[in-house]
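Side chains included, hydrogens not; waters and symmetry mates left out as well; all remaining heavy atoms used. Remember, it's 1-based here, ligands and their atoms both numbered in the order they're listed.
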Amino acid sequence: MVLKKELHKGPGPIGIFDSGYGGLTILKEISKQLPQYDYLYLGDNARAPYGTRSFETVYQYTLECVNHLFDKGCHLVILACNTASAKALRNIQQKDLPNIDPNRRVLGVIRPTTELAGTLTKTKHVGVLGTTGTVISNSYPIEIHKFHPDVKVFQEACPMWVPLIENKEFNNEGSNYFIEKNVKALLKQSDKIDTIILGCTHYPLLENKLRQYIPQHIQLVSQGDIVAKGLIDYLKRHPEIESKCIKTGKLEFYTTETPENFSSQAGKFFGKEIVAKHLAL
Ligand code: DGL
């Protein structure tokens, strides 16, 4: 008989998960707009990137990390990763949470983004840039059509962008080739696109570069602000979860890789220096 693990029942930090550094662009906005809460960030850098991995692998890795965050006392976990939101969220919510603890919650970043993006477009032609996993899952078109059935969605997978960012190679001439190639391929799909969703939490770091290839009349949608506003609304509507979130304003960072590497890179995504700890898988 497998004994069910007892999870800590008292209040805990809000968990923020990403495959690596990208989720820090989300945490940066959330902690700015909701500074009163405690946050625990976990980057699975040892196994990043997730973008080209199979559905099963992303699901298994994500579930493992969510369980670690529950073990550390989180009652609410945000998958600050589009790839994990696309490939693991539904299974975790529907299959795993009822067994782990039906009172804990896991939220993703795709739904709040799609809800808003459909209201921003005037031409009703929206572009999505994301990892291969996110694009293949079709999560963006499916979710956008739920809220905005009249919007046409065009997607382009950018498999090289996350590796370039994670390897600190995104700010040089070499990266321009891949950025231009994928942006052109997206824009070629429709000349009516007036809104482009940066459907990967790493991509806000490329915003200046992207502007070299994306005309000014096209708006770029980053997720940090959207997810932060979505969380504010969620906590208002769910006092039973809100009361389980510690409010001392503390931030803690964990990585599955060596913390020294994480700490030296993470500042670029978070805008402030970070000292991380190691989490053994
Ligand atoms: N930052 C993640 C996303 O939003 C994942 C990148 C990756 O691991 O490939 O999709």
Review point. What does the list of residues with a heavy atom under 4.0 Å from ligand 1 look like, ordered by chain and number?
Key: Asp18, Ser19, Pro49, Tyr50, Gly51, Cys81, Asn82, Thr83, Thr131, Val162, Cys200, Thr201, His202

Practice item. Report the C-alpha distance between Phe270 and Phe253 in whole Å, list the side-chain angles of each, state the deciding distance to 0.1 Å, and finish with yes or no for ring-ring contact (aromatic ring centres under 6.0 Å, His included). Key: CA-CA 11 Å; Phe270 196 58; Phe253 299 88; 5.5 Å; yes

Review point. Taking the inter-plane angle between the rings of Tyr39 and Tyr37 on a 0 to 90° scale, is it parallel (under 30°), tilted (30 to 60°) or perpendicular (over 60°)?
Key: perpendicular

Check your understanding: Should Lys146 and Glu115 be marked as a side chain to side chain contact (heavy atoms under 4.5 Å, CB included) after you check the CA-CA gap, both sets of side-chain angles, and the distance that decides it?
Key -> CA-CA 9 Å; Lys146 276 188 199 156; Glu115 213 172 325; over 6 Å; no

Check your understanding: Centres of the Phe154 and His125 rings: under 6.0 Å?
Key -> yes

Check your understanding: Tell me the ring pair (Phe, Tyr, Trp, His ring centres under 6.0 Å) pairs involving residues 156-194, sequence neighbours left out?
Key -> Trp161-Tyr203

Practice item. For the pair Thr256 (side chain) and Leu279 (backbone), establish whether a donor and an acceptor sit closer than 3.5 Å, ignoring hydrogens and angles. Key: no

